[in-house]
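One structure below.
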Number of protein chains: 2
Amino acid sequence: MLTKTEENYIKEIFTIETITKKDVSTNSIAKKLDTKPSTVTDMLKKLATKKLLSYQKYKGVKLNNKGKTIALSVIRKHRLWETFLVKKLNFSWDEVHEIAEQLEHIKSDKLTNRLDQFLGFPTVDPHGDPIPNANGEFTKTKTICLTKLTINTESIFVEVKNASDKFLKYLSKNNIAIGSKIKILYIEEFDNSVDILVNNKQINVSESVAKNIYLNN
Amino acid sequence: MLTKTEENYIKEIFTIETITKKDVSTNSIAKKLDTKPSTVTDMLKKLATKKLLSYQKYKGVKLNNKGKTIALSVIRKHRLWETFLVKKLNFSWDEVHEIAEQLEHIKSDKLTNRLDQFLGFPTVDPHGDPIPNANGEFTKTKTICLTKLTINTESIFVEVKNASDKFLKYLSKNNIAIGSKIKILYIEEFDNSVDILVNNKQINVSESVAKNIYLNN
DNA sequence: AATTATTTTTAGACTAATCTAAAAATAATT
DNA sequence: AATTATTTTTAGATTAGTCTAAAAATAATT
Ligand SMILES: [Mn+2]
Ligand SMILES: [Mn+2]
Ligand SMILES: [Mn+2]
Ligand SMILES: [Mn+2]
């Protein structure tokens, strides 16, 4: 049985690994988990003896299958709870992450699966992130970043990277939500900001905003 | 912010205090929490410095208002989650306690209150225990133990003491549930077992069973 | 290739929660 | 009242998770 801390390390390593597709460095984990590298080293040694990942001094870590299974289980719970909070308890999408950080550590497969059923086996969470099923499988649909979208093509907003509450609130304020139809009109050469048409209204969003919006492809 | 462990101590002290109506002894806490008395002493000192209870060496402890408020908040969450599990996720009443032991430590007033609303502001949990409202208030209805019921009077089963899963399963097996109409027919002098009529069927239950069944008064 | 910068690990210390063993206080019996 | 039993506390040790400071390894620059 893993502790909450161990689960958080495994989950974070999985996420970094998925993005970078390389061995995960001590420092990158420390930054994400807001701890010191020395603390991370200690934990990596422990997780290695628990056979959840392979660790070589100075070379970073790589999750093995056991570690990946645990990561997917925690992510599954996180996203199911976020969905529950939004769909059943009427939370907004910028309020759910912190609470899900707690709920993702509740240990009961029966609870997780009943919750899944209660929600109608959702495939994506309120931020458009895929929800792994009971076997840890999920279909990751191909999405395209707003910055890469062809001019004048309309597409549907399906996923948000950087689910910080500040960013999510910004989107809500501008009536940009999962499911919104977005058309890109013009990319400003100077600062890479983008003119977009959303809900028949034209607005300009900065490059850093555009980079976090992903659409159907 | 209290740790899970601290919350469990506070909750247990509250429960013992409610039953015994006396200062709570170190040993009684140790037994209930399955720890050693020396461990309890350390924790009592800590909780005293945090001003949640008054502690005098060798004299036991008594929760103050701050401590009681915390206890009621944890109990509220525990019973709301049990209700959620039974009413919304179709768990049986003997499966929910362990999961609620985890969920009761989730920290978010908004979540607790939204859950309360989602459930329709229930006043009792699946075992007939009262659920404190957002202000920590609850109405404790007067109940009478099956052993004290007048012969041939019918009454409704409203609360179960000793919510161990074994006991709850025993009741379910005999079709005795919260809401069941029970009439007491005869008390056996020899072993204090009781003949009762439940759902038009006569059965005999032992004294230790009868002692844990409480009915409307 | 040598120097400098960055990353990672080691060493030693701290807090929270726990334990065992022994001492001290309180309660119960003779 | 003295003795015995029980309860509670103290003292010292352990594990998980964290930190700081220093050492070692690796990477980047001159
Ligand atoms: Mn999240
Ligand atoms: Mn999410
Ligand atoms: Mn319970
Ligand atoms: Mn209950």
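Keep in mind that what you see is a predicted model, and the values were worked out from it rather than measured. By convention in this document, chain letters (A, B, ...) are assigned in the order of the sequence lines, proteins followed by strands, and residues within each chain are numbered from 1.
If you take NZ of A:Lys36 and P of C:dT7, they are 14 Å apart, rounded to a whole angstrom. Rounded to whole Å, atom P of C:dT10 lies 16 Å from atom CE of A:Met43. When the P atom of C:dT18 is taken as reference, atom CD1 of B:Ile29 falls 13 Å away, rounded to whole Å. Taking atom NZ of A:Lys59 as the reference point, atom C1' of D:dA24 lies 14 Å away to the nearest angstrom. The separation between A:Tyr58 atom OH and D:dA25 atom C1' is 4 Å, rounded to whole Å. Straight-line distance from the CG atom of B:Leu2 to the C1' atom of C:dA16: 13 Å, rounded to whole Å. Distance B:Leu44 CG to D:dT10 P: 11 Å, rounded to the nearest Å. If you take NZ of A:Lys57 and P of D:dA25, they are 8 Å apart, rounded to a whole angstrom.
Distance from the side chain of A:Asn27 is smallest for C:dT7 among the nucleotides C:dT7, D:dA16, C:dA21. Of the candidates D:dA16, C:dT9, C:dT18, the closest approach to any side-chain atom of B:Asp42 belongs to C:dT18.
Remark: D:dC19 base-pairs with C:dG12; criterion is Watson-Crick or G-U wobble with both hydrogen-bond distances under 3.5 Å. Summarising the base pairing, D:dA25 is matched to C:dT6 through a Watson-Crick or G-U wobble pair whose two defining distances lie under 3.5 Å. The partner of C:dT18 is D:dA13, by the rule that a Watson-Crick or G-U pair needs both atom distances under 3.5 Å. Base pairing of C:dT30 is made with D:dA1, judged by Watson-Crick or G-U wobble geometry with both donor-acceptor distances under 3.5 Å.
The side chain of A:Tyr9 places an N or O atom within less than 4.0 Å of a non-bridging phosphate oxygen (OP1 or OP2) of D:dT18. At D:dT8, none of the side-chain N or O atoms of B:Tyr55 fall inside 4.0 Å of OP1 or OP2 (strictly under the cut-off).
Geometric assessment of B:Lys161 against the ring of B:Tyr214 yields a positive cation-pi assignment under the 6.0 Å and 45° thresholds.
The heavy-atom pair separating A:Ile106 from A:Lys77 by the smallest distance is O-NZ, 3.0 Å.
Within 4.0 Å (heavy atoms only), A:Lys45 reaches sugar-phosphate atoms of the nucleic acid but no base atom. Using a 4.0 Å heavy-atom criterion, one finds that A:Thr39 contacts the bases of the nucleic acid, with or without backbone contacts as well.
Salt-bridge annotation for A:Glu101 and A:Lys11: present, with a side-chain N of the basic residue lying under 4.0 Å from a carboxylate O of the acidic one. Between B:Glu98 and A:Lys110, no side-chain nitrogen of the basic residue sits less than 4.0 Å from a carboxylate oxygen of the acidic one, so the salt-bridge criterion is not met.
In this structure, B:Gln56 and A:Asp34 both approach DNA chain D, and ranking their closest nucleotides by distance from the 5' end singles out B:Gln56.
In this structure, a donor-acceptor pair under 3.5 Å is absent between the side chains of B:Asp125 and B:His78.
Between B:Phe118 and A:Phe118, the two ring planes are perpendicular [angle over 60°; tilted spans 30° to 60°].
Counting distance only, with no hydrogens placed and no angle test, the side-chain atoms of B:Thr26 and the base atoms of D:dT9 include no donor-acceptor pair under 3.5 Å. Counting atom types as modelled, A:Thr41 pairs no side-chain N or O with a base atom of C:dT10 as donor and acceptor under 3.5 Å.
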